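Worksheet: the structure to be examined is printed underneath.
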Amino acid sequence: DAGVIQSPRHEVTEMGQEVTLRCKPISGHNSLFWYRQTMMRGLELLIYFNNNVPIDDSGMPEDRFSAKMPNASFSTLKIQPSEPRDSAVYFCASSSGDLNTGELFFGEGSRLTVL
Amino acid sequence: GNSVTQMEGPVTLSEEAFLTINCTYTATGYPSLFWYVQYPGEGLQLLLKATKADDKGSNKGFEATYRKETTSFHLEKGSVQVSDSAVYFCATVGTANYGQNFVFGPGTRLSVLP
């Protein structure tokens with residue numbers, strides 16, 4: 001069974017360009033999380049969807065970041081315009097049911113470099 | 001809200017050495033506790049978990065016991081291998097206004113030398 005699928009795996013872009021990261025959660029999972037990982041700040045939760053609805057986006061750094069989940073099998077994280085400080089690895093994760101008994105499944109991440 | 005604290009490392013050990021990575025938590029009630037592992041170039045994956053006090057989680061030779069008296073969930077392995085080199089994250093489940101979320105520690109980088 002396929003796990004969480006993210007694309008692209010690597011992206012290098014120039015400051016000011018729009019970046020779109022994509023995620024396909026595990027089929028049947030009803031919760032989806034976007035995380036950002038950097039050496040300085042570690043793993044940060046950006047936004048959390050439950051049943052395709054954004055529940056908490058308090059971790060989204062600023063208005064340049066937006067996330068959507070148009071259906072249960074697809075989500076995007078967009079940065080517009082991108083800045084060098086956005087360089088990081090972005091992870092998508094999904095889960096089903098109660099987190100106390102369940103498990104969070106991570107994708108392999110999208111490594112973003114903004115020059 | 002719930003939180004976890006873990007030793008930040010890095011930890012460098014020789015092959016076959018004993019490993020302990022400390023993790024303590026603060027929580028309302030008794031949420032589940034987890035250890036996740038991140039191998040180079042990969043996402044995090046569940047290593048083991050314990051859902052109630054005194055439970056012991058184990059996997060791949062790693063163990064951790066949920067101790068409510070010391071609010072700890074220390075990760076141990078009796079004999080590490082080079083292939084165990086990775087970053088280890090202690091985590092718990094928190095409750096926010098919207099429901100549940102995962103709370104991760106900062107991660108501990110382990111390097112095992114041959």
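Just so we're on the same page: letters track the sequence lines, and every chain starts at 1. The structure presented is a predicted model; accordingly, all values stated were derived computationally and were not measured.
Between B:Leu44 and A:Phe106, the closest heavy-atom pair is O-CB, 3.3 Å.
A continuous path of hydrophobic side-chain contacts links B:Phe89 to B:Val93 [ILVMFWY only; heavy atoms under 4.5 Å]. If you chain together hydrophobic residues whose side chains sit under 4.5 Å apart, B:Leu47 and B:Met7 fall into the same group. The hydrophobic cluster containing A:Met69 does not contain A:Ile5, counting ILVMFWY residues as joined when their side-chain heavy atoms lie under 4.5 angstrom apart, directly or transitively.
When side chains are defined from C-beta on, B:Phe104 does not count as touching A:Glu44, because their heavy atoms never get closer than 4.5 Å. Between B:Tyr36 and A:Glu103, the closest side-chain pair of non-hydrogen atoms falls below 4.5 Å. Side-chain contact between B:Phe102 and A:Tyr35 is present, with at least one heavy-atom pair separated by less than 4.5 Å.
Comparing A:Asn50, A:Val89, A:Leu43 by how many heavy-atom pairs each has under 4.5 Å with chain B, the most go to A:Leu43.
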Go through it in stages, so that I can follow the logic: the residues are B:Gln38 and A:Phe91, the test is side-chain contact (heavy atoms from CB on, under 4.5 Å), and I'd like the CA-CA distance, side-chain angles, deciding distance and then a yes or no.
CA-CA 12 Å; B:Gln38 183 180 27; A:Phe91 288 102; 3.3 Å; yes
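For the atom pair CD of B:Gln45 and CD of A:Glu108, the computed distance is 10.0 Å after rounding to the nearest 0.5 Å.
For A:Arg9, the part sitting under 4.5 Å from any heavy atom of chain B is the side chain, from C-beta outward, and nothing else. Only the side chain of A:Gln37 has a heavy atom closer than 4.5 Å to any heavy atom of chain B.
Enclosure of atom CD in B:Glu69 by more than 12 non-hydrogen atoms of other residues, nucleotides or ligands within 6.0 angstrom is indicated. Summarising the local packing, CZ of B:Arg67 is surrounded by 12 or fewer heavy atoms from other residues, nucleotides or ligands at distances under 6.0 Å. Atom CD of B:Glu15 has more than 12 heavy atoms from other residues, nucleotides or ligands within 6.0 Å. In the displayed structure, A:Asp63 atom CG is contacted under 6.0 Å by at most 12 heavy atoms of other residues, nucleotides or ligands.
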